[in-house]
Amino acid sequence: MMLAVGSVLTASADDLALPLIQNINAYESCSLNGEWNYIVDVQEEGYYDYRMNPTPWGFFQNAKPQKPEDLIEYDFDKSPTMQIPSDWNTQDERLFFYEGTVWFKKSFQAKPSDDYRTLLYFGAVNYDSHVWVNGKKAGHHVGGFTPFNYDISSLLKDGENVVIVKVDNKRHAEDVPTQIFDWWNYGGITRDVKLVKVPHVYLEDYDLHLLRKGGSEKWKEMTFSAKLNAKEAGHKVVVNIPELKLEKQLVTDAEGKVSATLKIAAKKLQLWNPEHPKLYQVRLSLDASTFTDEIGFRTIETRDKQILLNGKPIFLKGISIHEEKPNGGGRAHSVEDARTLLGWAKELGCNYVRLAHYPHNENMVREAERMGLMVWSEIPCYWTIAWTNPKTFENAKQQLSDMIARDHNRANVVIWSIANETPHSAERDNFLGRLAKHARSLDDTRLISMAMEVTGAANYVNRLNDNMNQYVDVVSFNQYIGWYRDVNDASKMKWEIPYNKPVIISEFGGGAKYGYHGAKNQRWTEEFQENLYIENTAMLDKIEGLAGTTPWILKDFRSPRRVLLDVQDYYNRKGLFSDKGEKKKAFYVLKKWYESK
């Protein structure tokens with residue numbers, strides 16, 4: 001497949017990263033998914049010399065012998081291939097536990113043009129990636145779950161081109177997530193790769209949402225804003241919602257920005273909600289170029305201990321989900337994966353999912369929106385982050401920014417989460433408090449939360465006490481009575497949550513191996529997990545201000561921390577579905593409880 005590509009006059013090699021473009025899928029593109037050659041590089045000799053200094057003769061050169069005596073000790077074209085997007089752990093059995101560097105190479109055809117730019121877009125690469133095009137550096141990205149793009153127009157040539165990616169998924173204490181986490185560290189190019197054609201001047205970002213308190217009973221107000229990739233005045237921007245017969249023409253200011261308040265008759269507007277997940281086709285034009293997006297309109301807010309969707313109280317009937325394929329292990333990425341996983345959540349009776357513990361792929365978020373599932377979206381500030389390391393904070397802040405940049409027009413995303421189960425300290429409060437403020441500065445139309453932890457109780461009284469309560473809109477915490485504490489304590493428990501805010505139990509649950517049966521007090525049996533859910537749901541009904549739950553977890557998922565042979569076999573078995581998609585008995589307990597809500 002060939003895509004005509006554009007050049008850019010001001011690009012410089014090794015610094016070609018651009019801010020994320022909103023709705024990248026709206027532009028003409030050429031997929032680079034498919035077979036990529038790969039080389040496993042345990043000692044990173046393709047990047048460093050034997051003194052551990054970067055070498056100019058690395059694998060990124062894709063060098064070939066020019067004379068019989070030339071010594072070149074690698075050859076991508078003779079190397080094996082794997083399907084991209086994927087993880088290497090489940091594509092090559094030798095790499096099941098591997099953490100380190102793997103090089104990837106893809107050839108593609110292009111025909112340069114000066115009429116537009118060409119971006120190289122990655123949905124995600126885990127974790128540390130360097131990218132070269134035709135031997136020249138395009139850029140370096142850190143973070144395993146957010147998209148990034150480079151303007152590679154100046155690096156392309158007519159005919160065959162080569163992109164090479166160095167991927168390193170080694171864990172480090174200063175990373176986000178940190179060195180220890182309870183999910184599989186899938187390495188590789190795990191989401192879509194594509195070449196995207198965009199104009200020289202384009203809409204870098206836009207936002208269209210319903211004002212919480214705008215208008216009256218007869219009128220609703222929504223706000224539209226957009227900015228170009230360049231600070232240029234005089235460009236015409238048109239926002240058009242044909243179904244609502246709404247159109248507004250605007251002209252960019254000197255900063256390349258536009259903004260306006262749009263008014264619509266209330267009776268004409270159908271609000272997005274789980275029962276009727278209405279999406280409107282929105283046409284956006286910049287000068288002569290036009291593209292579309294699907295956007296829903298709703299409000300989300302809190303009032304005392306209630307969560308209000310479109311001004312009405314709602315109970316969030318949820319489940320937590322890891323980004324893992326429905327059948328077995330491996331990183332999920334496709335529309336089909338999303339539909340299957342979310343279909344199971346709908347069958348459970350959910351109106352809401354917690355996408356743990358990192359931003360999931362865009363297919364997952366958009367399919368959830370179409371299916372009427374609200375979303376909690378999270379960055380991987382998980383367990384013990386390097387709270388005092390400035391680079392760690394900037395990493396977390398960038399991941400938070402990229403998560404919001406990609407999904408802030410999705411009506412179903414109702415909560416931005418900044419952390420999970422982080423131990424209390426002044427340093428942690430400062431780190432997470434700054435993240436919460438940053439999230440609110442980027443988007444004040446959604447709720448902020450985080451999964452706090454409750455570690456103990458005196459005389460069967462759990463009192464939540466977390467300084468982060470001042471930063472969040474919803475108080476959320478994880479509790480595992482019945483798994484890390486005797487299930488018989490559940491009926492005795494009292495919960496004191498001294499904040500006038502809604503409460504979400506972000507995790508509860510316990511493990512069971514599908515098909516293993518026995519007494520309800522026999523761990524790992526389906527009956528044990530079933531009884532745990534019976535006792536926990538009865539206990540949770542007594543919590544004042546309970547506004548939702550996301551039990552742990554939809555399906556069994558791989559984890560290197562779960563080593564018990566013949567039971568766990570490197571799977572966390574807390575799923576309501578097995579790793580093969582089989583329902584456990586606890587599924588029906590939760591389904592029945594949600595039917596009562």
Side-chain angles (χ1 to χ4, degrees), residues 300-309 312-320 351-352 354 356-357 374 376 378 381 383 414-426 428-429 432-433 435-436 439-440 446-510 532-533 535-552 590 593-594 596-597:
I300 190 76
E301 57 193 318
T302 65
R303 181 177 61 206
D304 299 327
K305 295 194 173 186
Q306 293 181 319
I307 294 176
L308 307 180
L309 178 67
K312 298 178 181 179
I314 188 169
F315 187 84
L316 304 187
K317 298 181 284 188
I319 193 73
S320 296
N351 60 14
Y352 165 63
R354 178 188 181 205
H357 286 292
M374 293 175 284
W376 160 311
E378 188 166 286
C381 286
W383 290 355
V414 295
I415 293 175
W416 301 125
S417 172
I418 56 174
N420 177 76
E421 285 186 1
T422 52
H424 298 192
S425 70
R428 169 264 206 177
D429 294 346
L432 295 182
L435 284 184
R440 209 175 295 281
R446 289 174 173 83
L447 309 179
I448 305 293
S449 194
M450 58 179 283
M452 304 172 184
E453 62 178 345
V454 177
T455 55
N459 300 321
Y460 300 105
V461 176
N462 282 296
R463 190 173 194 276
L464 189 64
N465 183 16
D466 195 314
N467 292 334
M468 287 301 297
N469 78 85
Q470 63 185 301
Y471 296 102
V472 299
D473 301 297
V474 178
V475 175
S476 306
F477 62 91
N478 303 343
Q479 66 84 20
Y480 279 96
I481 293 170
W483 191 248
Y484 299 118
R485 180 167 177 154
D486 191 339
V487 73
N488 294 314
D489 290 347
S491 62
K492 306 170 189 175
M493 283 293 172
K494 295 182 180 178
W495 298 86
E496 293 183 359
I497 304 168
Y499 314 119
N500 188 33
K501 295 181 177 183
V503 175
I504 290 177
I505 308 302
S506 37
E507 292 181 27
F508 73 90
L532 184 154
Y533 268 79
E535 295 293 334
N536 267 261
T537 51
M539 176 188 67
L540 297 181
D541 275 331
K542 301 175 184 177
I543 295 179
E544 181 188 2
L546 185 68
T549 66
T550 48
W552 194 257
L590 186 60
W593 189 60
Y594 278 162
S596 70
K597 294 298 178 184

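Both backbone and side-chain heavy atoms feed into the values below; hydrogens, waters and symmetry mates do not.
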Visitor: Starting at CH2 of Trp495, measure out to NZ of Lys542 and round the result to the nearest 0.5 Å.
Guide: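 Rounded to the nearest 0.5 Å, the CH2-NZ separation comes out at 12.5 Å.
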Visitor: Any side-chain heavy-atom pair from Val414 and Leu447 closer than 4.5 angstrom?
Guide: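 Heavy-atom side-chain distance check fails, nothing below 4.5 Å.
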Visitor: In Å and rounded to the nearest 0.5 Å, what is the CD1 to CD distance from Ile314 to Gln306?
Guide: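 If we round to the nearest 0.5 Å, Ile314:CD1 and Gln306:CD are 11.5 Å apart.
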Visitor: When rounded to the nearest 0.5 angstrom, what distance separates OG in Ser476 from CE in Met468?
Guide: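 Atom-to-atom, Ser476:OG and Met468:CE are 11.5 Å apart.
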Visitor: Can you find a heavy atom in the side chain of Met374 that is under 4.5 Å from one in the side chain of Leu316?
Guide: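 The answer is yes, as the side chains (C-beta and beyond) meet within the 4.5 Å cut-off.
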Visitor: Which atoms form the tightest heavy-atom contact between Tyr471 and Arg440, and what is the distance?
Guide: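 Taking Tyr471 first and Arg440 second, the nearest heavy atoms are O-NH2, 2.9 Å.
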Visitor: Could you walk me through whether Arg354 and Ile504 pass the side chain to side chain contact (heavy atoms under 4.5 Å, CB included) test, one step at a time?
Guide: CA-CA 11 Å; Arg354 178 188 181 205; Ile504 290 177; over 6 Å; no
Visitor: Does any pair with a residue in residues 487-504 pass salt bridge (charged side-chain N to carboxylate O under 4.0 Å, His left out), and if so which ones, sequence neighbours excluded?
Guide: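 Every pair satisfying salt bridge (charged side-chain N to carboxylate O under 4.0 Å, His left out) with a residue in residues 487-504: Arg463-Glu496, Arg485-Asp489.
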Visitor: Starting from the C-alpha separation in whole Å, work towards a yes-or-no answer on side chain to side chain contact (heavy atoms under 4.5 Å, CB included) for Ile543 and Met493.
Guide: CA-CA 10 Å; Ile543 295 179; Met493 283 293 172; over 6 Å; no
Visitor: For the CE atom of Met452 and the OG1 atom of Thr422, what is their distance to the nearest 0.5 Å?
Guide: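 Here the rounded value is 8.5 Å.
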Visitor: Using a 4.5 Å cut-off on heavy atoms from C-beta on, say whether the side chain of Met539 contacts that of Gln479.
Guide: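 Contact flag for Gln479/Met539 side chains = yes.
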Visitor: How close do Pro423 and Trp383 get, counting heavy atoms only, and between which atoms?
Guide: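 The answer is CD-O, 3.5 Å.
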Visitor: Out of the candidates Asn478, Thr550, Thr549, only one should pair with Ile505 under the side-chain contact (heavy atoms from CB on, under 4.5 Å) rule; please name it.
Guide: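 Checked Asn478, Thr550, Thr549 against Ile505; only one passes side-chain contact (heavy atoms from CB on, under 4.5 Å): Thr549.
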Visitor: For a 4.5 angstrom cut-off between non-hydrogen side-chain atoms, does Val474 reach Tyr499?
Guide: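 With C-beta onward as the side chain, the pair stays apart.
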Visitor: For the residue pair Asp429 and Gln470, establish whether any side-chain heavy-atom pair is separated by less than 4.5 Å.
Guide: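 No, too far: nothing below the 4.5 Å cut-off.
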Visitor: So which atom in Leu432 and which in Ile418 form the shortest heavy-atom distance, rounded to 0.1 Å?
Guide: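 Heavy-atom minimum between the residues: O-CD1, 3.4 Å.
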Visitor: Are any of the side-chain heavy atoms of Ser506 and Met450 separated by less than 4.5 Å?
Guide: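 They are not in contact (no side-chain heavy atoms under 4.5 Å apart), so the answer is no.
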Visitor: How close do Gly509 and Tyr480 get, heavy atom to heavy atom, and via which atoms?
Guide: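 Closest approach of Gly509 to Tyr480, heavy atoms only: O-CD2, 3.2 Å.
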Visitor: Enter the distance from Ile300:CD1 to Leu309:CG here, rounded to the nearest 0.5 Å.
Guide: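 Answer for the CD1-CG pair, Ile300 versus Leu309, is 5.0 Å.
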Visitor: Of all the heavy-atom pairs spanning Trp552 and Ala356, show the shortest one and how long it is.
Guide: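 Scanning both residues, the minimum pair turns out to be CZ3-CB, 3.7 Å.
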Visitor: Between Tyr594 and Asn351, is there a side-chain heavy-atom distance shorter than 4.5 Å?
Guide: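 Contact flag for Asn351/Tyr594 side chains = no.
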Visitor: What verdict does the side chain to side chain contact (heavy atoms under 4.5 Å, CB included) test give for Ile319 and Leu590, after you've listed the backbone C-alpha separation in whole Å, the side-chain angles of each residue and the deciding distance to 0.1 Å?
Guide: CA-CA 10 Å; Ile319 193 73; Leu590 186 60; 4.2 Å; yes
Visitor: Quick check on ring pair (Phe, Tyr, Trp, His ring centres under 6.0 Å): which of Trp593, Tyr484, Phe477, Tyr533 does Phe508 satisfy it with?
Guide: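 For Phe508, the ring pair (Phe, Tyr, Trp, His ring centres under 6.0 Å) check succeeds only for Tyr533.
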Visitor: For the residue pair Ile415 and Ser449, what are the closest heavy atoms and their distance?
Guide: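 Minimum heavy-atom contact is CG2-CB, 3.8 Å.
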Visitor: The test is side chain to side chain contact (heavy atoms under 4.5 Å, CB included); show your working for Asp466 and His424 and say whether it passes.
Guide: CA-CA 7 Å; Asp466 195 314; His424 298 192; 3.1 Å; yes
